[in-house]
Structures are given as C-alpha cells and as structure tokens.
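Note on naming: letters A, B, ... go to the chains in the order of the sequence lines (proteins, then strands), and numbering restarts at 1 for each one.
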Number of protein chains: 4
Amino acid sequence: MAQSDTVTRILDTAEVLFAERGFAETSLRNITSKARVNLAAVNYHFGSKKALIQAVFSRYLDPFTLRFHTALDELEAQHDGQVIPLETLLETMATTVLAVPAERNSLKVFMRLLGLAYSQAQGHLRRHIQQEYGDVFTRFTELVRQATPELPDAERFWRLHFMLGTVIFTLSGLDALRDIAEKDYHEQVSVRDLIRRLRPVVVAAMNAPLPPTLEEGHHANAKVS
Amino acid sequence: MAQSDTVTRILDTAEVLFAERGFAETSLRNITSKARVNLAAVNYHFGSKKALIQAVFSRYLDPFTLRFHTALDELEAQHDGQVIPLETLLETMATTVLAVPAERNSLKVFMRLLGLAYSQAQGHLRRHIQQEYGDVFTRFTELVRQATPELPDAERFWRLHFMLGTVIFTLSGLDALRDIAEKDYHEQVSVRDLIRRLRPVVVAAMNAPLPPTLEEGHHANAKVS
Amino acid sequence: MAQSDTVTRILDTAEVLFAERGFAETSLRNITSKARVNLAAVNYHFGSKKALIQAVFSRYLDPFTLRFHTALDELEAQHDGQVIPLETLLETMATTVLAVPAERNSLKVFMRLLGLAYSQAQGHLRRHIQQEYGDVFTRFTELVRQATPELPDAERFWRLHFMLGTVIFTLSGLDALRDIAEKDYHEQVSVRDLIRRLRPVVVAAMNAPLPPTLEEGHHANAKVS
Amino acid sequence: MAQSDTVTRILDTAEVLFAERGFAETSLRNITSKARVNLAAVNYHFGSKKALIQAVFSRYLDPFTLRFHTALDELEAQHDGQVIPLETLLETMATTVLAVPAERNSLKVFMRLLGLAYSQAQGHLRRHIQQEYGDVFTRFTELVRQATPELPDAERFWRLHFMLGTVIFTLSGLDALRDIAEKDYHEQVSVRDLIRRLRPVVVAAMNAPLPPTLEEGHHANAKVS
DNA sequence: TATGAATGAGTATTCATTCAT
DNA sequence: GATGAATGAATACTCATTCAT
C-alpha cells in the first residue's frame with residue numbers, strides 16, 4: 001500500500017498545482033516536496049513529467065468516458081432508435097461532467113486542467129487525449145447531428161466548439177470571475193448555479209439562425225490572415 | 001534605426017514564439033537567437049521577461065484602445081443620447097478587433113496571446129491589462145447595459161464572459177480547429193468567415209431567455225464544490 | 001562517503017577561496033571547479049550561496065562555541081564563585097581560538113573569514129552569527145564585567161571592541177603584514193608569536209586610565225558626522 | 001563645467017555606495033543611475049571601475065597627505081631637532097584625519113573605505129595606496145621610532161598595526177556598534193566621542209610592557225600554521 | 001564631449017532526469 | 001521498491017566594457 005499511497009499523493013498534489021500554476025510553472029520539486037514524497041518518485045512511478053501530466057488527466061477522463069458511454073447507452077435504449085432531443089443530450093453531458101469530479105476532487109480543478117490542455121503548449125497531451133478519449137466524443141457529436149438535422153455539418157462543428165469555449169473558458173477561469181461577480185453584484189456563484197445560467201445560452205446559441213452565406217454577405221474589404 | 005530595429009525584432013519574434021508555445025515555454029534564448037539579437041538585449045531594452053510580455057501586449061492593445069474609444073465616440077455622436085443597439089455595439093467591437101492586427105501581424109497571434117493571458121499563470125499580466133486597459137471595457141459594458149435593459153446585471157456579466165470565452169477559445173485555438181474543419185468538411189475557413197458565423201450565435205446567446213431562478217429550478221442533488 | 005566527500009570538498013575549497021578573495025569575488029563556479037564537483041552541487045547540498053557561507057562559518061564556530069563553554073565551565077568551577085581575573089579570561093579565549101582551527105584548517109583562514117564577516121556587505125552573515133553564537137559571547141562579556149568592576153559599562157563595551165579590532169585586523173591581514181615584517185625586520189612571525197605580542201598590549205589597553213569625561217574634556221570645535 | 005559636475009557626482013555617489021556595500025557589490029549601474037549620469041560616463045571619465053575606486057581614495061588621501069606633511073613640518077620646526085613626544089604625534093595624526101573629511105563628506109565614509117581597502121580583494125588598491133601615499137607614513141613611523149626608543153623595531157611595527165586595526169575596525173564598523181551601544185547603554189556616540197575614548201587606550205597599548213622573549217616564554221605545544 | 005545601444009562573459013539558481021545502493 | 005546524491009543543460013538576469021555617432 002505504501003507504493004499506492006505514494007502514487008496517489010503525487011497525483012493529488014500534481015493536479016492541484018497544475019491547475020493553480022500550469023504545467024511548465026510547476027516543477028517536480030514543487031510536487032514532490034508538497035506531497036512529502038521523494039524527488040525521484042515521480043520518475044520512478046510515472047517515468048517522466050509528461051507521463052505524470054497524462055496520468056492526472058486519465059484519472060478524470062477514464063471514469064468520465066465510462067460513465068458517458070453508459071449514459072448514452074441508456075439514452076439510446078430509452079429513445080429506441082428515435083432522435084434524442086438536443087437538450088437531453090446536453091443535459092446528459094452536463095450531468096456526467098458534474099458527476100465525475102464529485103467523486104474525486106473538485107470540478108473547478110478538472111475544468112482548469114481542461115482549459116490548460118487546450119491553451120498550453122502540450123502537444124503530447126492533446127494527442128494523448130484525442131487518441132484515448134476521441135471515441136466517446138465522436139459518438140456524442142453524431143447524436144447531436146441527428147438532433148440538429150437542419151444545421152449544415154460545418155456549422156454544427158463550429159457551434160459545438162463555440163460552446164466548448166464558453167464552458168471551458170468560464171469554468172476554468174471561474175475563481176477570477178467569481179471574485180469580480182461577488183464584488184460587483186454581491187452574488188455567491190456556485191458551479192451548479194453557473195450551469196443553470198449556461199443552459200439557456202447554449203441552447204439558444206445552437207439554435208441561432210444560420211449566418212448569411214458568403215455570397216450574400218458583406219463584402220470583405222480588408223485582408224486578414 | 002538601429003535601436004528601433006532591435007526592439008522591433010525582439011517584439012516580432014517574441015509574439016510569435018509566445019503565441020506558439022506559451023510564455024514559460026519560451027525562453028529569452030529562444031527569442032534572442034531567433035531574432036538574431038544579443039541575449040542581453042531583452043533585458044537591456046525591456047528590463048525583464050515580464051516587461052517584454054507586457055510590451056508585446058501593449059503593442060496590440062494600445063492602438064486597439066485608441067481606436068475603440070474613437071469608434072465609441074462616433075457611435076455615441078451618431079445616436080445622440082439614444083440607446084445604441086446591441087448588434088451595433090458588437091459589430092463595432094468586431095470591426096475594431098479586426099482592424100488593429102490587420103495593420104500589424106496577424107489576428108490569430110493576437111487571439112492566441114489573449115487566450116494565454118487568461119489561461120497562463122501570469123498574474124502580473126492580468127493585472128497589467130486590467131490596469132492599463134480596463135477603462136475602455138468598462139465603457140463598453142456600460143453601453144451594453146443600456147442596450148439590454150431587460151437583463152439583470154449579473155446575468156449580463158456572465159453572458160458577456162460566456163461570449164468572451166467563445167471568441168477567445170475559438171480564435172486562439174484556430175489553427176487546430178481549422179485543420180479538423182478542413183479535413184472533415186473540406187472548407188477553407190478564414191477569420192472573417194468565422195466572425196460571420198459567430199455573429200448570430202453571439203446575438204442569440206445574449207438574447208436567450210432568462211434561466212429559471214434558483215427557487216423554481218431543479219433541486220441540486222449532488223454536492224459539487 | 002560519497003555525500004560527505006562532496007560536501008567536505010565544497011566546504012574546504014570555499015573557505016580557502018572566500019578567505020583569499022572575499023565572498024562576492026568568489027563565484028560558485030570558482031568553488032565547484034576547483035573542488036572538482038558539479039556546479040549544481042552547492043545548491044543541492046546547501047541551498048544557496050548564502051547558506052554555504054554560513055556553513056563555512058559554522059564549521060569553525062560550532063566547535064569553538066562548544067569548547068569555549070566547556071572552558072568557561074571549568075574556569076568557573078575552579079574559581080568557585082570568585083571573580084576570574086581578566087588575564088585568565090583572555091588567556092582562555094586565546095587558547096580556545098587557537099585550539100579549534102588547529103584541528104582543522106589554518107587559523108589564518110579563520111581569522112580572514114572573521115574579518116570578512118565584519119567588513120563585507122553580508123548582513124545575513126552578521127545576523128546568522130549573532131543569532132547562533134551570541135550566547136557564548138554574552139557569557140564571556142559578563143565574566144569580563146565582573147573582572148573589571150571599575151570600568152563603566154559603556155567604556156568596557158568599547159574597549160572590548162577596540163581589542164576585537166586589533167586582533168581581527170592583525171590576524172586577518174596577517175599575510176601582508178608578515179611579508180613587510182620579514183622584509184624589514186628579518187623576523188619570522190608565527191601566529192603563536194603574534195599572540196605573545198598581543199597579550200601585554202591587550203591587557204594594558206583594557207586597564208588604561210579612563211578618558212576625561214566630556215564636560216571636562218576639550219571642547220569640540222568642528223562638526224564631524 | 002558640465003564635465004566637472006559629472007565627475008563630482010560620480011565620485012560623490014561612488015564613495016557612499018562603496019562604503020555602504022563594498023566594491024564588488026556596487027555596480028557601475030548602481031552608481032551611474034543614482035548619480036543620474038550616463039552609464040558610460042564612468043568608463044569615459046575614469047577609464048575603468050578600478051580607476052574609479054582609486055580616484056575615490058585619492059580625493060581623500062591627496063589632501064590628507066598634503067596636510068599631514070605640513071603638520072609634521074610644523075611639529076619638527078617647533079621641536080627643533082628634539083624628539084617629539086608620542087602623544088603629540090598621535091594627536092597630530094588624529095587631528096589631520098579628522099580635518100580632511102570635515103571639509104568633504106563624512107569621516108565615517110572615509111573610515112569604511114579604509115577598512116574595505118584592507119579587507120577586500122583589491123590588490124590593485126593596496127598597491128596604489130602604498131605607492132602613492134607610502135612616503136608620509138614612512139616619515140610618520142620614523143618620528144614614532146624616535147619617540148619610543150625603548151621599543152624594539154619589530155615590536156613597534158606590530159603595535160602600530162595593532163592600533164591601526166583598533167581604529168579602522170571601530171570606526172569603519174561604527175554604525176553597527178553605535179546601534180548596539182545606544183540600545184544597551186543609552187549613549188549617543190559621536191566620532192569625536194570615540195576618539196576621546198581611543199586616546200588613552202592607544203597610548204597605554206603603545207607603552208605596554210614588552211612581552212617575554214620567546215626563549216623564556218611558554219613552550220608551544222601545538223603546531224599552528 | 002557625451003551618450004544610447006549593444007555585447008560577450010559572467011552570475012546564482014532551477015530543471016528533469018539518472019544512478020548506485 | 002524506494003531514495004539520497006549527483007549531474008548536464010538550461011533558466012533569467014547582471015556585469016563592465018566598447019563603440020558608433
């Protein structure tokens with residue numbers, strides 16, 4: 001158990017420090033000294049810093065993938081071949097996202113990590129995530145496609161990413177925003193509260209009217225790369 | 001020209017490398033060697049790496065602030081005390097954002113930098129931006145407030161940040177997304193094209209129905225920190 | 001032995017180089033390259049250059065403090081509550097000072113280091129010495145007080161420091177002075193020889209007549225800051 | 001006059017900073033920025049940092065040498081071939097030392113600088129001082145020799161340096177000692193006050209009985225290098 | 001005469017990783 | 001299975017000095 005304990009303490013400490021400072025700004029010394037673990041333990045147990053970063057993500061994403069597949073299985077069984085409404089799909093995803101960290105650490109940390117995964121120069125991480133967890137997202141987007149037949153494929157693709165940006169940006173920068181919100185509007189904002197606010201916005205965004213096509217749109221008058 | 005040249009080359013190189021790899025992952029050696037400039041030149045001209053980072057932002061944000069203030073002045077003059085419609089405000093902002101980098105480097109870099117500013121552990125940078133450029137955003141949000149009187153203040157605050165997330169996330173991760181989009185949908189996506197797609201989404205999101213209040217909403221059944 | 005060896009070699013080399021050139025003029029590169037040790041070893045074993053400087057002193061002062069306390073214990077036991085004569089106290093201190101470096105390196109190095117500790121801009125070092133080794137000096141000065149009841153406290157304070165200056169200045173600049181002395185007076189001067197010369201001078205200085213009080217002294221006629 | 005002004009400001013600033021922190025710890029940047037002078041000015045006007053250090057000393061020592069020679073001329077004229085008493089010689093030296101800085105900056109700075117000259121690794125400085133100002137000290141020690149005919153030459157040499165140590169150590173570390181003295185003995189100590197205390201001590205020290213010769217002294221029983 | 005720009009060599013320190021035990 | 005010691009490479013930054021103007 002001593003080994004397992006060491007591994008767990010490294011992961012627990014690493015995820016918090018990564019979320020707080022980013023990957024490059026968190027040294028193995030930071031992690032091992034805060035975790036009260038030998039400096040060489042990370043390389044011993046994980047092999048490298050990169051592998052540790054991936055392990056931190058796996059601890060969240062593995063159970064998420066499992067649960068999400070199960071939830072989608074149930075949804076499909078319930079609807080028995082019929083189209084699952086968009087709102088139900090989004091609802092299900094939100095519920096699953098919320099459920100996983102509830103078992104473990106905090107949702108905030110998870111979201112910070114997701115934000116970092118996108119913004120920081122960790123190509124290996126993006127590749128790792130894409131490779132290990134791409135399937136469930138492909139399945140999900142296919143269901144979304146069926147739920148929004150009127151949307152051109154490209155439009156749907158972009159809108160899904162618009163919304164991904166909304167969610168990740170907001171939840172990963174939650175602390176800073178929450179501070180401002182509380183100071184200016186004297187409001188206590190919980191993650192659950194934020195999800196409540198997100199729902200109608202996301203739905204409205206997905207159902208927004210289509211943009212004018214390029215032909216009938218305004219003429220570009222400046223070159224922008 | 002000698003001084004100006006060195007300073008400019010440092011800034012040009014730094015902004016590209018920062019955008020590609022992030023701040024911590026870009027060393028002064030990286031910058032100076034790629035810019036073909038002496039290693040000590042950064043500290044000579046800027047004082048520190050932090051100051052260089054801030055200078056990179058200032059080169060975008062200074063002209064942006066200037067132009068945006070001017071544009072808002074014009075808008076207010078045109079509407080002569082009457083409320084400026086939300087779409088006009090968003091349109092104006094988009095135009096200004098597009099105009100500035102067009103004079104300089106690329107919009108993509110600017111957006112990547114903005115994304116990094118939010119996600120990376122650069123407290124000094126967030127403070128610097130807030131302090132130097134907070135005014136024009138305050139002015140803008142006040143105009144948005146007048147354009148959306150039916151929205152509660154807190155709701156407007158969050159929706160603006162939802163949309164900020166959408167824009168920054170999408171535009172800052174543009175390259176990766178564009179690759180996928182082109183592969184899957186055989187579509188060439190320009191920034192201008194993306195802005196066209198963003199417009200109806202943002203408007204719809206801002207005008208989405210209000211969420212149910214907490215009292216009448218679903219009961220929370222899981223604790224999420 | 002590996003660890004002990006590296007640490008010892010760093011300390012041995014550092015104390016010699018510090019004594020020769022001073023702290024600021026001795027770089028960690030100087031030390032590690034001369035000690036045939038990895039450049040990072042100093043930071044690994046000591047944490048910082050400051051800590052190394054303090055460690056160099058501790059290696060002398062720790063055994064000195066121990067021995068001096070023991071010697072004073074013995075003196076007090078011998079005199080059984082009666083006042084210990086000043087000359088005995090000075091004799092004991094001299095003997096202890098001589099004994100410690102005899103076990104280790106050279107007295108000359110120790111004295112050079114002490115001189116540096118006072119003259120160089122190493123506030124941290126003065127604080128460290130004061131804090132770690134202040135007790136034994138307090139004990140010593142208290143015994144000196146009892147041995148010289150006729151001296152006003154302030155006068156005794158200053159005279160002790162006058163003598164400290166004599167000893168440290170002479171012994172720390174020993175090499176240069178010795179060169180001159182040998183050239184001019186064809187005399188081989190050992191440290192032991194110098195101590196012999198110091199004894200009557202120090203005793204006479206401590207027992208010098210009191211200066212005229214300010215009131216009856218010469219009137220100051222020039223302002224000196 | 002602009003040039004002269006620049007030179008003076010550099011010298012004024014340099015002597016203060018050198019006295020506060022030492023030579024190595026004071027950079028040309030420190031000096032020039034505090035003096036509000038161009039960074040290249042030191043090298044322009046003095047040629048190098050070493051030359052600046054020497055110039056700082058010359059500004060004190062040149063007038064000192066002049067005055068001291070004059071004072072000794074007068075003394076010799078007054079005593080007309082007869083031996084000048086030791087106390088008179090010491091008195092004259094003290095007066096001259098006090099007089100020079102009174103015209104310029106502070107005595108404390110001068111003494112700090114003298115202390116540094118001895119303790120810091122500035123071989124060039126010691127050589128410079130010896131070479132430029134050795135004569136007047138040779139003249140002075142010859143007069144001291146005549147005033148103390150009973151002292152063996154070597155003994156006189158050492159005692160003079162003992163006293164040099166007393167004076168330089170005390171006056172150069174004055175600030176720290178003054179702080180302690182004021183805290184412990186509630187005494188305000190001026191330099192003039194300290195000189196008053198030094199006088200009887202130095203005289204007593206110079207007149208101390210001769211030490212036992214080596215033959216009749218205690219036998220050394222430990223080798224000390 | 002004076003200075004802003006530039007530079008090559010240097011500083012202490014930190015890094016992830018390796019290795020012998 | 002685990003760890004203290006060690007290391008080579010890199011980090012940001014500072015230095016005194018030079019040089020073109």
Side-chain angles (χ1 to χ4, degrees), chain A residues 1-7 23-32 37-53, chain B residues 1-7 10 23-33 36-53, chain C residues 1-7 10 23-32 37-53, chain D residues 1-7 23-32 37-53:
Chain A
M1 270 307 129
Q3 183 265 352
S4 168
D5 185 47
T6 298
V7 168
F23 304 116
E25 293 86 351
T26 304
S27 72
L28 295 188
R29 266 188 148 78
N30 291 154
I31 295 169
T32 53
V37 151
N38 185 277
L39 171 60
V42 167
N43 281 288
Y44 178 72
H45 287 290
F46 297 92
S48 70
K49 189 181 181 181
K50 284 186 181 178
L52 170 61
I53 294 176
Chain B
M1 265 305 132
Q3 181 265 351
S4 169
D5 189 45
T6 299
V7 168
I10 291 174
F23 304 116
E25 293 86 351
T26 304
S27 71
L28 295 188
R29 269 184 150 77
N30 292 156
I31 296 170
T32 52
S33 70
R36 314 268 241 97
V37 151
N38 186 278
L39 173 58
V42 168
N43 281 288
Y44 175 73
H45 287 288
F46 298 92
S48 70
K49 189 180 180 180
K50 282 186 181 178
L52 170 61
I53 294 176
Chain C
M1 267 303 132
Q3 180 265 349
S4 168
D5 189 44
T6 298
V7 168
I10 290 174
F23 304 117
E25 293 87 352
T26 304
S27 72
L28 294 189
R29 269 185 151 80
N30 291 155
I31 296 170
T32 52
V37 151
N38 186 278
L39 173 59
V42 167
N43 280 288
Y44 175 72
H45 286 289
F46 298 92
S48 69
K49 189 180 179 180
K50 283 187 181 180
L52 170 61
I53 293 175
Chain D
M1 268 305 129
Q3 184 263 353
S4 167
D5 186 47
T6 299
V7 167
F23 304 117
E25 293 86 351
T26 304
S27 72
L28 295 188
R29 266 188 148 77
N30 291 155
I31 296 169
T32 53
V37 151
N38 185 276
L39 171 60
V42 168
N43 281 288
Y44 178 72
H45 287 290
F46 297 92
S48 71
K49 189 180 181 181
K50 282 186 182 179
L52 170 62
I53 293 176

**Prompt:** Is there a side-chain contact between C:Leu28 and C:Ile31 (heavy atoms, below 4.5 Å)?
**Reply:** yes
**Prompt:** Which residue, C:Asn30 or A:Leu28, contacts DNA chain E at a nucleotide closer to its 5' end, judged by nearest heavy atom?
**Reply:** C:Asn30
**Prompt:** With side chains defined as the heavy atoms from C-beta onward, is the minimum distance between C:Leu39 and C:Arg29 less than 4.5 Å?
**Reply:** yes
**Asked** What's the CD1-P distance between D:Ile31 and F:dT17, to the nearest Å?
**Response** 11 Å
**Request:** Using both distances under 3.5 Å as the test, list the Watson-Crick or G-U wobble partner of F:dT7, or none.
**Result:** E:dA16
**Item:** Length of the CG-P vector between D:Leu52 and F:dC15, whole Å
**Value:** 15 Å
**Asked** Applying the side-chain contact (heavy atoms from CB on, under 4.5 Å) test to D:His45, which of D:Leu52, D:Thr6, D:Val37 qualifies?
**Response** D:Thr6
**Request:** Using whole Å, report how far NZ of B:Lys49 lies from P of F:dC13.
**Result:** 8 Å
**Message:** Under 4.0 Å, counting only non-hydrogen atoms across every strand here, what does A:Thr32 touch: a base, just sugar-phosphate, or nothing?
**Reply:** nothing
**Item:** Minimum-distance nucleotide to B:Asn43 side chain [options: E:dA12, F:dC13, F:dT7]
**Value:** F:dC13
**Message:** Heavy atoms from C-beta onward define the side chain here; which of E:dA5, E:dT14, F:dT3 lies closest to that of B:His45?
**Reply:** E:dA5
**Prompt:** Of the nucleotides E:dT17, F:dG4, E:dT13, which one has an atom closest to the side chain of A:Ser48?
**Reply:** E:dT17
**Request:** Could you check how far CD of C:Glu25 sits from P of E:dG10, rounded to whole Å?
**Result:** 16 Å
**Request:** Would you mind telling me which residue lines up with the more 5' stretch of DNA chain E, B:Val37 or C:Lys50, judged by nearest nucleotide?
**Result:** B:Val37
**Message:** Can you identify which nucleotide, out of E:dT11, F:dC15, F:dC13, has its nearest atom closest to the C:Arg29 side chain?
**Reply:** E:dT11
**Message:** Please tell me if D:Ser27 has a side-chain N or O lying less than 4.0 Å from either OP1 or OP2 of F:dC15.
**Reply:** yes
**Prompt:** Heavy atoms, side chains only, cut-off 4.5 Å: are B:Asn38 and B:Tyr44 in contact?
**Reply:** no
**Complete:** Considering only heavy side-chain atoms of D:Tyr44, the closest of E:dT17, E:dA2, E:dA12 is E:dA2
**Request:** Ignoring the backbone of D:Ala40, work out which of E:dT17, E:dG4, F:dA10 is nearest its side chain.
**Result:** E:dG4
**Item:** Flag side-chain contact, heavy atom, 4.5 Å: B:Ile53 against B:Phe46
**Value:** no
**Request:** Searching all strands shown, indicate the nucleotide that pairs with F:dA2 (Watson-Crick or G-U wobble; both distances under 3.5 Å).
**Result:** E:dT21
**Asked** If you check every side-chain atom of B:Asn38, which of E:dG8, E:dA6, F:dT3 has the closest atom?
**Response** E:dG8
**Message:** From C-beta outward on B:Thr6, which listed nucleotide comes closest to its side chain: E:dT13, E:dA6, E:dA2?
**Reply:** E:dA6
